[in-house]
*Asks:* 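Before I ask anything, let me first share the structure, which is written out below as structure tokens.
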Number of protein chains: 2
Amino acid sequence: MVKKILNNTISVDCVIFGFDFEKLNVLLVDRVLVDEKSGKELFTDLTLTGNHIFEDESLEDAAARILFDLTGLENIYLKQFGAFGDPERLLKPNDQAWLKASGRDPHSRILSVGYYSLLATEKVTLKWKGRNVKWYPVSEVSELAFDHIDIFQSALEALRRELLYEPIGFELLPEKFTLSQLQKLYEVVLGVELDKRNFRKKVSRMKYLIPLDEKQKGVAHKPARLYMFSREVYERTRKEVFDFNI
Amino acid sequence: MVKKILNNTISVDCVIFGFDFEKLNVLLVDRVLVDEKSGKELFTDLTLTGNHIFEDESLEDAAARILFDLTGLENIYLKQFGAFGDPERLLKPNDQAWLKASGRDPHSRILSVGYYSLLATEKVTLKWKGRNVKWYPVSEVSELAFDHIDIFQSALEALRRELLYEPIGFELLPEKFTLSQLQKLYEVVLGVELDKRNFRKKVSRMKYLIPLDEKQKGVAHKPARLYMFSREVYERTRKEVFDFNI
DNA sequence: CTGTTAAGTGTTAAAAAAACACTTTGATTT
DNA sequence: AAATCAAAGTGTTTTTTTAACACTTAACAG
């Protein structure tokens, strides 16, 4: 049975972040427009991973599906961070050519709902057959198709803000991780340097960060203790934040 | 010239908050369905203020227009807080009846982009002719048409979170206000009690809160000094927040 | 067994948060 | 004119949090 697509004016774009213990990366798709007659490449540029929504599907389900098709992973952290519907968002020449070539009305206005998702780069094998999907360091992303650079930047801001106040960093790490990896993650995402001793003092207050009786293996130096994040402890002990910085 | 409406599947809903120095209020519209033949009221319930989007209009412009039509005010604080597109969001019997009566396909799925806005109740004279628009205390909102209760709660959460970290409380106050009014605002929106002396100590550190050489008038007690918010000072002195609470 | 590399650890000073009660001022009432 | 009312305004102490800062330890590699 063929699923019916909701309509042509709403889509979902996913900004998929990955952390490789060194830097923050984002998944981007190579958009190649090939001339029908000559078979020659007219242009190539990069886009976020986006897609239509099926008729029976919620927005978040559509985002999860895109993510699954791309990585084979389920139950991944997903967060809606904005809706993008500017009348001018698809008017760049390349975008118009692309829309025409893919049989869409280039004058139609498409609203995109943005989701960002977090995963550890290492546990992913990319598998979007027939499309060129790759990790790119966030710091090197400069131009993207459509208004995707705005969507991307908005996602990054949303991620930074969220990371400051919620324990979502663990979503970017494997199940077991070291404190140095966690610290590096904060440093890379927020773009700051943190003091090792102060960082450890701070996280040691967080009961949902569980130290394991297990050590890193295969490293040529003193192996670090491994930790894991306990969602149960977090949910149980989370308290209201009344600390306001007007 | 008649403006063309973008399409039938995207709309904007505004959650308009107002503060009256005592409590937080929200603007709601009385939705009355009248039977065509008998002229009898079939039901009446409450909705948020929503509307379609014109073809040349950005989402935020549409939200600002709704706000202007309702209050006559321009340059009001507006913040997008979410997009709502669940397949089930318009399926309640009253909603279906309403959609049919207003000539819409009851099976079509409408995506709503939510904006919340902040204003001081006192400076508003409501003027949406022909429709019954009123302020309702936020604490008394229980049932709303469509999925508007979800949208409303999502707006309230977004407002609380924003208020904790950004100086947006001033948007809910008149230009000149007292510290007690500011404190009450925080207490009401966040649902906490704050210590007067500690509150004043805290805000006295904020350089963008400007004390005026002016006092409250017409009160039967010691009149309070008036303050105003300086956006310029805020923009100039705003610094990155590196304080993280994982 | 030596060198390399990152892990792990504690103290002190400064700043911020939390807890807490009385005096002052202007308008209103008697 | 004096008394009353109601909210404004004001400091100190304790506790908690932040910030700055350097050496020892453990495992592997050669």
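We name chains A, B, ... by the order of the sequence lines, and we start the count at 1 in each one.
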*Asks:* In whole Å, what is the span from the CE atom of B:M206 to the P atom of C:dA16?
*Replies:* 10 Å
*Asks:* Does a nitrogen or oxygen in the side chain of B:S180 sit under 4.0 Å from OP1 or OP2 of D:dA8?
*Replies:* yes
*Asks:* Can you confirm whether B:E193 is buried at CD, in the sense that more than 12 heavy atoms of other residues, nucleotides or ligands lie under 6.0 Å from that atom?
*Replies:* no
*Asks:* Ring-plane angle category for B:Y234 and B:Y208, please: parallel below 30°, perpendicular beyond 60°, tilted otherwise.
*Replies:* perpendicular
*Asks:* Would you say C:dG8 has OP1 or OP2 under 4.0 Å from some side-chain N or O of A:R200?
*Replies:* yes
*Asks:* Whole-Å distance between C:dA6 P and A:Q216 CD?
*Replies:* 11 Å
*Asks:* Taking the six-membered ring for Trp and the single ring otherwise, decide whether the centroids of A:F146 and A:F84 are under 6.0 Å apart.
*Replies:* no
*Asks:* B:F199 CZ to C:dA19 C1': how many Å, rounded?
*Replies:* 17 Å
*Asks:* To the nearest Å, give me how far apart CG (B:L194) and P (C:dC20) are.
*Replies:* 15 Å
*Asks:* Could you tell me how far apart A:K217 (NZ) and C:dA6 (C1') are, to the nearest whole angstrom?
*Replies:* 19 Å
*Asks:* Output all residues satisfying side-chain hydrogen bond (donor to acceptor under 3.5 Å, both in side chains) with A:Q80, sequence neighbours left out; order by chain, then residue number.
*Replies:* A:Y115
*Asks:* To the nearest Å, how far apart are B:E193 CD and C:dA18 P?
*Replies:* 14 Å
*Asks:* Mind checking A:T178 for me? I need base, sugar-phosphate or nothing, with any heavy atom below 4.0 Å counting as a touch.
*Replies:* nothing
*Asks:* For C:dA17, does either OP1 or OP2 sit under 4.0 Å from a side-chain N or O belonging to B:K202?
*Replies:* yes
*Asks:* Hey, is NZ on B:K23 packed in by over 12 heavy atoms from elsewhere, all under 6.0 Å?
*Replies:* yes
*Asks:* Centroid-to-centroid, B:Y227 to B:F177, below 6.0 Å?
*Replies:* no
*Asks:* Does B:R205 place a side-chain N or O at less than 4.0 Å from the phosphate oxygens OP1/OP2 of C:dA17?
*Replies:* yes
*Asks:* What one-letter contact string describes nucleotides 21-30 of chain D from 5' to 3', where B marks a base within less than 4.0 Å of any protein heavy atom, S marks contact via sugar-phosphate atoms alone, and - marks no contact?
*Replies:* BB--BBBSS-
*Asks:* Specify the separation, in whole Å, of atom CG of A:L212 and atom P of C:dA7.
*Replies:* 16 Å
*Asks:* In this structure, how many angstroms lie between the P atom of D:dA7 and the CD atom of B:Q181, rounded?
*Replies:* 13 Å
*Asks:* Return yes when atom CD of B:E175 has more than 12 non-hydrogen atoms of other residues, nucleotides or ligands closer than 6.0 Å, and no otherwise.
*Replies:* no
